[in-house]
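So the structure is just underneath, and the comments pick up after that.
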Number of protein chains: 2
Amino acid sequence: MDQVEIFKALSNKTRLQILIWLKDPEGNFPDQDQYGFDNGVCVGQIQKKAGLTQSTVSEYLSVLQRAGLVKSTRIGQWTYYQRNEEAFAALSQLLQTDI
Amino acid sequence: MDQVEIFKALSNKTRLQILIWLKDPEGNFPDQDQYGFDNGVCVGQIQKKAGLTQSTVSEYLSVLQRAGLVKSTRIGQWTYYQRNEEAFAALSQLLQTDI
DNA sequence: ACGATATATCGGGAAATTCCGATATATCTT
DNA sequence: AAGATATATCGGAATTTCCCGATATATCGT
């Protein structure tokens, strides 16, 4: 758990927004219909909502994943991203104890 | 409370280290003798321990203060910095609720 | 196998951050 | 008032981040 890497990942308005959107996939991504939401939300949906290019959003999701804040599942041609709640709990705990 | 600004302030190894040092001023800054630790630790002590230049450390402390993570007290020619614990509690809370 | 679709990766220009040395400002001492 | 000390601010080189368009890769349907 690289603390600096985590905080860098959180240091961007769009990435922070994506994480917040992913707290409520059904509410924030009503267009998605494939496979429900059990595996997360696919990149295209997130990209459309973020209003940035596909490459940028894909890169941002990689940053979030390298920091451990989200996890991904590939199903067919789609990659579904969802929050890694354990990481958020650990980070909140870290802030109360170590930092 | 600008969340992105806070996370940016935390996105640096040295700044994070300073915040951790400030959790235990007596233990981490034994050289300081003026005015005790009630008002925090002065810039020079932090600078010596951080091993960066005076200007860099002064700037880093400003960044932390703008983010609300520390507060400062000027006494004579010294500026004492201490943690703003309310900000850390609020941030930890934010991570559990909003983000 | 071929074209369409979804995502990842590459290369890069613009902006921000990192950290420095030099200098300015504020306060203390004499 | 003058010099010493502590901190803040300025200007800048090197690095990183932001976000893009172009391209590569993977999987789908036919």
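Residue numbers begin at 1 in each chain, while the letters A, B, ... track the order of the sequences. Quick caveat, the model's predicted, so the values are computed rather than measured.
For residues 46-74 of chain A, proximity to DNA chain C is found at A:Gln54, A:Ser55, A:Ser58, defined as any non-hydrogen atom under 4.0 angstrom from a strand atom. Within residues 4-15 of chain B, the residues that place at least one heavy atom under 4.0 Å from DNA chain C are, in residue-number order, B:Lys8, B:Ser11, B:Asn12, B:Arg15.
Legend: salt bridge (Lys or Arg N to Asp or Glu O under 4.0 Å) pairs involving residues 85-99 of chain A, not counting sequence neighbours, sorted by first then second residue: A:Arg83-A:Glu85. For residues 55-81 of chain A, the salt bridge (Lys or Arg N to Asp or Glu O under 4.0 Å) pairs, not counting sequence neighbours, are A:Glu59-A:Arg66.
The OH atom of B:Tyr80 lies 9.5 Å from the OG1 atom of B:Thr73; values are rounded to the nearest 0.5 Å. Rounded to the nearest 0.5 angstrom, B:Asp38 CG and B:Ile75 CD1 are separated by 9.0 Å. Considering CG of B:Leu91 and CG of A:Leu95, their distance stands at 5.0 Å, rounded to 0.5 Å. Distance check: B:Gln3 CD to B:Met1 CE gives 7.5 Å after rounding to the nearest 0.5 Å. Atoms CD1 and CD1, from B:Ile20 and A:Ile99 in turn, are 5.5 Å apart once rounded to the nearest 0.5 Å.
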Using atom types as modelled, flag every donor-acceptor pair under 3.5 Å from a side chain in residues 4-19 of chain B to any protein atom, sequence neighbours excluded.
{"unit_1": "B:Ser11", "atom_1": "OG", "unit_2": "A:Phe7", "atom_2": "O", "d": "3.1"}
{"unit_1": "B:Ser11", "atom_1": "OG", "unit_2": "A:Lys8", "atom_2": "N", "d": "3.2"}
{"unit_1": "B:Ser11", "atom_1": "OG", "unit_2": "A:Ser11", "atom_2": "OG", "d": "2.8"}
{"unit_1": "B:Ser11", "atom_1": "OG", "unit_2": "B:Phe7", "atom_2": "O", "d": "2.6"}
{"unit_1": "B:Asn12", "atom_1": "OD1", "unit_2": "B:Thr14", "atom_2": "N", "d": "2.9"}
{"unit_1": "B:Asn12", "atom_1": "OD1", "unit_2": "B:Arg15", "atom_2": "N", "d": "3.0"}
{"unit_1": "B:Arg15", "atom_1": "NE", "unit_2": "B:Ala9", "atom_2": "O", "d": "2.8"}
{"unit_1": "B:Arg15", "atom_1": "NH2", "unit_2": "B:Lys8", "atom_2": "O", "d": "3.2"}

Using residues 22-30 of chain A as the side-chain source, report each donor-acceptor pair under 3.5 Å to any protein atom, sequence neighbours left out, with the distance given to one decimal.
{"unit_1": "A:Lys23", "atom_1": "NZ", "unit_2": "B:Thr97", "atom_2": "O", "d": "2.5"}
{"unit_1": "A:Asp24", "atom_1": "OD1", "unit_2": "A:Gly27", "atom_2": "N", "d": "3.0"}
{"unit_1": "A:Asn28", "atom_1": "ND2", "unit_2": "A:Trp21", "atom_2": "O", "d": "3.0"}
{"unit_1": "A:Asn28", "atom_1": "ND2", "unit_2": "A:Asp24", "atom_2": "O", "d": "3.1"}

Validation: residues 51-58 of chain A side-chain donor-acceptor distances under 3.5 Å, sequence neighbours left out:
{"unit_1": "A:Thr53", "atom_1": "OG1", "unit_2": "A:Ser55", "atom_2": "OG", "d": "3.3"}
{"unit_1": "A:Thr53", "atom_1": "OG1", "unit_2": "A:Thr56", "atom_2": "N", "d": "3.3"}
{"unit_1": "A:Thr53", "atom_1": "OG1", "unit_2": "A:Thr56", "atom_2": "OG1", "d": "2.9"}

Protein-nucleic acid N or O pairs under 3.5 Å, nucleotides 13-15 of chain C:
none

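A search for side-chain hydrogen bond (donor to acceptor under 3.5 Å, both in side chains) contacts involving A:Gln65 returns A:Ser72, not counting sequence neighbours. Annotation: side-chain contact (heavy atoms from CB on, under 4.5 Å) contacts of A:Lys48 (sequence neighbours excluded): A:Asp31, A:Gln45. Among residues two or more places apart in sequence or in another chain, the side-chain hydrogen bond (donor to acceptor under 3.5 Å, both in side chains) test is passed with A:Gln82 by none.
Contacts between chain A and DNA chain D, taken as any atom within less than 4.0 angstrom of a protein heavy atom, begin and end at D:dT17 to D:dC28.
The separation between B:Trp78 atom CH2 and C:dC28 atom P is 8 Å, rounded to whole Å.
For the pair A:Tyr81 and A:Gln77, both in contact range of DNA chain C, the more 5′-proximal nearest nucleotide belongs to A:Gln77.
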